2 protein chains.
Amino acid sequence: MRLDLNAPSLEDNLADLERVACALGEKGIAISLPLLRELPRLLREGGWQLSVMLTRLGGNARLLALEKGAKGIPNYGMAIDIGTTTVAAELVDLNNGKVVAQASDYNRQLVCGEDILSRIAYAEEKGLTRLTELVLDTVNGLIAQLCAERDKQRKYHSGTCSDDVASIVVSANTAMVHMLLGLDPKNIRYSPYIPIANVPPSLSASDIGLRALPDAPVHIVPGRAAYVGGDITSDILLSGMHTSDELALLIDVGTNGEVVLGGKDWIVGCSTSAGPAFEGGEVSCGMRAMTGAIDKVCISEREISISTIGNAKPRGICGSGLIDLIAQMFLHGYLDKKGRINASHAERVRASGEGMEFIVNRPNGSRPIAVSDDDIASVIRTKAAIYAGCSVLLQSVDKRFTDLDKVYIAGGFGSYINIENAQTIGLLPDIPRGKFKLLGNGSLGGARLCLQSQTMRAEAFDIYSMMTYLDLSSSKEFFDQYSSALFLPHTEIDQFPMVRERLDANR
Amino acid sequence: MRLDLNAPSLEDNLADLERVACALGEKGIAISLPLLRELPRLLREGGWQLSVMLTRLGGNARLLALEKGAKGIPNYGMAIDIGTTTVAAELVDLNNGKVVAQASDYNRQLVCGEDILSRIAYAEEKGLTRLTELVLDTVNGLIAQLCAERDKQRKYHSGTCSDDVASIVVSANTAMVHMLLGLDPKNIRYSPYIPIANVPPSLSASDIGLRALPDAPVHIVPGRAAYVGGDITSDILLSGMHTSDELALLIDVGTNGEVVLGGKDWIVGCSTSAGPAFEGGEVSCGMRAMTGAIDKVCISEREISISTIGNAKPRGICGSGLIDLIAQMFLHGYLDKKGRINASHAERVRASGEGMEFIVNRPNGSRPIAVSDDDIASVIRTKAAIYAGCSVLLQSVDKRFTDLDKVYIAGGFGSYINIENAQTIGLLPDIPRGKFKLLGNGSLGGARLCLQSQTMRAEAFDIYSMMTYLDLSSSKEFFDQYSSALFLPHTEIDQFPMVRERLDANR
């Protein structure tokens, strides 16, 4: 922002800081002492023209950076989604709300364990410091990368490249928030699973060690519980379900498989401990949705057609590909209801270990990509947990899948999933396709909204306040529902009428 | 404060920080990351009993210190008046608002110059760093002294003695605030006399380098202008004139002699550049109000009786003593209207330099304590400036001294001044004694009020907002009034009817 101030006189003797606050229409304004010490010189050297960078992210208006004269200071914010596996970030021009650049990277904590529980175990054994450093490194690396990209786009040369981010919003699961802030996540691991904070206090970039202006406020989207974190609050915020009259279900398919049900009057959420099958874990040929991953599969009478991310040589199968594959195998009779491979299809199936193996593809000159009975069992356990979570939530408020007006799908593969195939395997409920809406990375999207608007940050807090958490870890209903869902598509085929039709048509 | 919390369970799964906030009745609560990192351990080791130190001084509730268990944490605040000459401090038990200990010390900046302008000149020549260090040393010394005294009183043993002050209010003139915060006071010295900030931003003890809990909020009482600082706001706050229907005048007799006029609807203030005569400056036998200073003088037919502070051997004369002395000399014919010593009183008067000298006292075996024509001229210039300031303020709103309902006297010697003698020399207006009220150290008193209550801090800001500043530095009215007041008691003796009566009775 550029300020054109009157030079003071005996008649107009406002102090320097009050003159700036007055021009900004603020009654009071926060500023650090080091910056305040520079103010009188900059005002006078700039002939009472001053460029300021202002943030209101921490609540009150705060001056973050000053330059003499009217050349202006760019005003950028960073929305960051810290996932257990992937960290994604967007650089937003706060003057117009536009995303200038985006990037993602693996969470460097992966060297300490694949999933949250193994990271917490690492922290207990070897201390938290390394985990905090690794996630900070990942985030700071992305900030530097995005600022450099912006500078290239804008041909903007600044001596303090990458240090001029004015505000940051972080959306992450509860354990990741703890690790980022150096808070011991130990109590998250054991019943009753108590975080140190679901609503972290107001912090600045320098408190945390993030690469931005030292006083840049860092807003951390509040979470609801140890396993329903701020990433889920962001999903809800992006979906808008918390302001709608409709009854909506939201499913975030990550390692945990969080599920949320509700509308503008109430929201109830749970975590299903679904497991990492859809993120490439516990599946021999599984991989994350990256270049070379088979993300779509279609089986016809004659062949299996696949597509890979980046049209690259296939290296494995990611979550959406696994859903397609298992659904198509089931529809074409390669699998029975229990998910066991039918040995009669000799051309594609061969014995492997204790079970059978289905050969999906044989890349030139390398080991075939194949799924085994065990791989399919992993996927079925994962989908059963998510579907059971949805069922228990609906049961808890005496509703059925057919009462739903909307189903939002968020999470890493939220943008790619084939709804029909997901219904075929019993991951998603068998209700009309029009009710489903893909959110993509809802955690990042919600963080972006919070970065752009104070109202959205208030709404995120409202979501936190209104959400009820349902603990499934000792729920008999959940166990029963889970057991019923360990079939393709489900023990109660009546719940999947359209899938039944497809099966009847194919057989 | 002691918190008795429920241990969490699957049904009651509030996060640690939210559990504490909830018990405190707060929606959100500020806490530093280092303290938050300790919270889970302290809660669990203390069996869900927690002692907390909470402050609301910075606006929002903030946790400053935590101890496991229910033994409690003492909660002390510090009210500090930083004068150019003297720094005074009070340690207040914030649980009951009581002053536990008080102390004062010379401002160690005195080695860099006696008055504000010479200190600012020092900063311009040699840099600000030393001045900031010296005033911090003074203040931190007082904090340590007062905390040690409290610990002795309470037999309270803490490993972190003196580091447990939970909130601080500083009241000081504008230049002192600048020097404390390391803000260059240069522009205060030159027209149009613009401070960097009259309302300093929210700061913590660690921002400034004050010896207290690192996050202890430091509230600096807002000032109005370069020469009407937060010390005057504190005076007004303590007097209560800003909430009264009465028309009140407030005079702070320090080096500058600030004067304020008004009531609940408006307040106008000015600084008179009165000079340091009443603080012992520019008077050969002058000294500050400390042990050995002659603070009261009474002249009768037979003798001059004096009293000294601490009943000690007289070493010089402080402000209240000078007022008494000159008033009594004038009443008994030792001085003419222009303040010149009458040479006819041979037993007490002798030639000295270019003028005469009046011998007040001859301590055993040492040089006599005496005032010269020059000394008296200094005092008259000082009293004339203050009286002229009062006159101009009244004129500016078309009022007269007789319209005043109250006159508040603040400043170092505010508690000791003899009103009648001050009227005799024309320092104070000649209106009924019952209208005068001595505030003592109003700056410290106002700081104490701000420390004790959020409402008082808001009122201090209201005073800042409602006060108009009148610059006298180029005011013809002021110069005229000043010239008229360079007599005993004044050119227009009609303004001093009771003094005239006393003079007529004595002569």
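Owing to the predicted nature of the structure, the values given are computational and were not obtained by experimental measurement. Excluded from the calculations below are hydrogen atoms, water molecules and symmetry mates; all remaining heavy atoms, backbone and side chain alike, are included. In what follows, every chain begins at residue 1, and chains take the letters A, B, ... in the order their sequences are listed.
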Student: Given side chains that start at C-beta, do those of B:Tyr193 and A:Asn13 come closer than 4.5 Å, heavy atoms only?
Tutor: no
Student: Of the listed residues (A:Asp207, A:Leu128, A:Leu183, A:Asp471), which shares the most heavy-atom pairs with chain B below a 4.5 Å separation?
Tutor: A:Leu183
Student: Which of the residues B:Pro195, B:Ala7, B:Pro8 is involved in the greatest number of heavy-atom pairs with chain A at under 4.5 angstrom?
Tutor: B:Pro195
Student: Can you say whether B:Ile29 sits under 4.5 Å from chain A via the side chain, the backbone, both, or neither, judging by heavy atoms?
Tutor: backbone
Student: As an exercise, state the distance from CD1 of A:Ile196 to CZ of B:Arg19, rounded to the nearest 0.5 Å.
Tutor: 13.5 Å
Student: Report which part of B:Asn187 has an atom under 4.5 Å of a heavy atom belonging to chain A: side chain, backbone, both, or neither.
Tutor: side chain
Student: Using heavy-atom distances under 4.5 Å, tell me whether A:Ser474 contacts chain B through its side chain, its backbone, both, or neither.
Tutor: side chain
Student: Can you measure from CG (A:Leu10) to OG (B:Ser473) and round to the nearest 0.5 angstrom?
Tutor: 5.0 Å
Student: Determine whether B:Val199 and A:Leu17 make a side-chain contact, defined as any pair of heavy atoms from C-beta on separated by less than 4.5 Å.
Tutor: no
Student: Would you say that more than 12 heavy atoms from the other residues, nucleotides or ligands in this model lie under 6.0 Å from the CZ of B:Arg130, or not?
Tutor: no
Student: What part of A:Ser9 gets closer than 4.5 Å to chain B, counting heavy atoms only: side chain, backbone, both or neither?
Tutor: backbone
Student: Please classify the contact of A:Arg44 with chain B as side chain, backbone, both or neither, using a heavy-atom distance under 4.5 Å.
Tutor: side chain
Student: Rounded to the nearest 0.5 Å, what separation is found between the CD atom of A:Glu11 and the OH atom of B:Tyr469?
Tutor: 11.5 Å
Student: Answer with side chain, backbone, both or neither: which region of A:Ala197 has an atom nearer than 4.5 Å to a non-hydrogen atom of chain B?
Tutor: both
Student: At a heavy-atom separation under 4.5 Å, does A:Ile31 approach chain B through its side chain, its backbone, both, or neither?
Tutor: both
Student: With a 4.5 Å heavy-atom cut-off, do A:Arg37 and B:Asp184 have their side chains touching?
Tutor: no
Student: May I ask you to test the A:Pro201-B:Leu36 pair for a side-chain heavy-atom distance under 4.5 Å?
Tutor: yes
